[in-house]
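Sequential numbering from 1 along the given sequence is applied to the chain's residues. Order of appearance sets the numbers: ligands from 1, and atoms from 1 within every ligand. All figures in this text were calculated on a predicted structure; none of them were measured in a lab.
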Amino acid sequence: MSTSRPHTDTLYSRLLARFYDPIMSGAEKSFLEEKRRQLLGRARGKVLEVGAGTGANFHLYNARAEVLAIEPSGAMLKYARKRLEKEGVTARIQLLKAGIGDDEVRAVAPEAGFDYIVCTLVLCTVPGPGEALDLFRQLLKPGGQLLIVEHIQDNRQPQRWLQRAVTPAWKHLSEGCHLDRPTDELLKAQGFRAVEEAYFYRWVPFYWAVLEMED
Ligand SMILES: C[S@@+](CC[C@H](N)C(=O)[O-])C[C@H]1O[C@@H](n2cnc3c(N)ncnc32)[C@H](O)[C@@H]1O
C-alpha cells in the first residue's frame, strides 16, 4: 500500500483542521503535551517531523533543532504556519506540503540522513505504515533516532473488539485514523529497537518511545 495519496482539501478537512486544536486541548493539557515534551527536548541537529498537523510540537523543540516539518494537508498547514508566527518557537522550522512517500521529501533530505525522525499521532493515519517505516529507515542516518507517541491497539478484551468494530466509521470521521493498529509491534517487526519506551492508558493505550535501527 502506498504511504501517501494526493491530498485535496475538502470542506470537511478544513473543518477538521479548524477544530483539531480545540478538540485535542483537553488531552494536551492533561497528558499529551507533557509526553511530547519528554520526547522532543532531546531532538537536535537535522530533524524530520512527519505529519506535523497544526504544529502542536513546534514550541517543544529547542534551539539546537533544525526541523523539516512535512504535512500533506494544506488545511492543517495553514494552522501550522500560524503557530510558527507565534512567540515561543525557538527551533528553525521549515514547512513542506508533502507526505512521507513524496519525492519532494527525498529531494530535500540531507545526504547523510536525519538525526531524528519525529512521528506523533501519525502512524495511526498513514495509508501504509510498514512502507512508511521502510522510508524512515532510508531517511535516518546510522545511529539516528525515531521519536514516537502513538495510540495503539488494545490487547485487552472487549476493548480490542470494540476498537475493531469502531475503526471503519472512525476512519471516515478522522480522515484515516485507525484505532486498532499495533504500531509498537510493527516498529519492532520492521527492525527498530526501543532505547526507551513506555506504555500508558488514557481511554486508549498509547506507546511512547525512542527507537534506533537494528544493525
Ligand atoms: C492526528 S494528526 C497528528 C498531527 C500532529 N502530528 C500532532 O501530533 O498533533 C495526523 C496527521 O498525519 C498527517 N498524514 C496523513 N498521512 C500522511 C502521510 N502519508 N505523510 C505525512 N503525514 C501524513 C495528516 O494530514 C494529519 O495532519
Ligand 1 contact by Met24, heavy-atom criterion under 4.0 angstrom: no
Any side-chain heavy-atom pair of Tyr79 and Tyr20 under 4.5 Å: no
Best match, Gly51, Gly128, Ala56, Ala80: closest heavy atom to atom 5 (C) of ligand 1: Gly51
Proximity to ligand 1 by part of Glu175, non-hydrogen separation under 4.0 Å: neither
Glu71, any N or O under 3.5 Å of ligand 1 N or O: yes
Charged N-O contact under 4.0 Å between Arg44 and Asp115: no
Side chain to side chain contact (heavy atoms under 4.5 Å, CB included) partners of Glu212, counting only residues at least two apart: Gln145, Arg193, Val195
Side-chain (Gln157) to main-chain (Trp161) donor-acceptor, under 3.5 angstrom: yes
Lys188/Glu197 ion pair, N-O < 4.0 Å: yes
Ligand-side contact atoms (ligand 1) for residue partner Val50, heavy atom cut-off under 4.0 Å: 21 (C)
Ligand-side contact atoms (ligand 1) for residue partner Met76, heavy atom cut-off under 4.0 Å: 27 (O)
salt_bridge(Arg36, Glu28) N-O dist < 4.0 Å: yes
Hydrophobic cluster membership, Val47 vs Ile93, 4.5 Å side-chain cutoff: yes
N or O contact, Pro72 vs ligand 1, cut-off under 3.5 Å: no
Ligand-residue contact atoms, ligand 1 with Val122, heavy atoms, under 4.0 Å: 6 (N), 12 (O)
Salt bridge (Lys or Arg N to Asp or Glu O under 4.0 Å) assessment of Arg81 paired with Glu85: CA-CA 7 Å; Arg81 260 186 218 106; Glu85 288 156 16; over 6 Å; no
Those atoms of ligand 1 less than 4.0 Å from some heavy atom in Ala52: 5 (C)
Close-contact set for ligand 1 against Tyr20 heavy atoms, below 4.0 Å: 1 (C), 2 (S), 3 (C), 4 (C), 7 (C), 9 (O)
Residue portion contacting ligand 1 (non-hydrogen atoms closer than 4.0 Å) for Thr120: both
Within-shell test, Ile70 vs ligand 1, heavy atom, strictly < 4.0 Å: no
Within-cut-off N or O pair, Thr125 and ligand 1, under 3.5 Å: no
Parallel, tilted or perpendicular: rings of Phe206 and Phe31 (30°, 60°): perpendicular
Distance-only N or O hit between ligand 1 and Ile100, under 3.5 Å: yes
Within one Ile-Leu-Val-Met-Phe-Trp-Tyr cluster: Leu77 and Val105, side-chain cutoff 4.5 Å: no
Ligand 1 contact on Ser174 by region, counting heavy-atom pairs under 4.0 Å: neither
Short N or O distance, Ser73 and ligand 1, threshold 3.5 Å exclusive: no
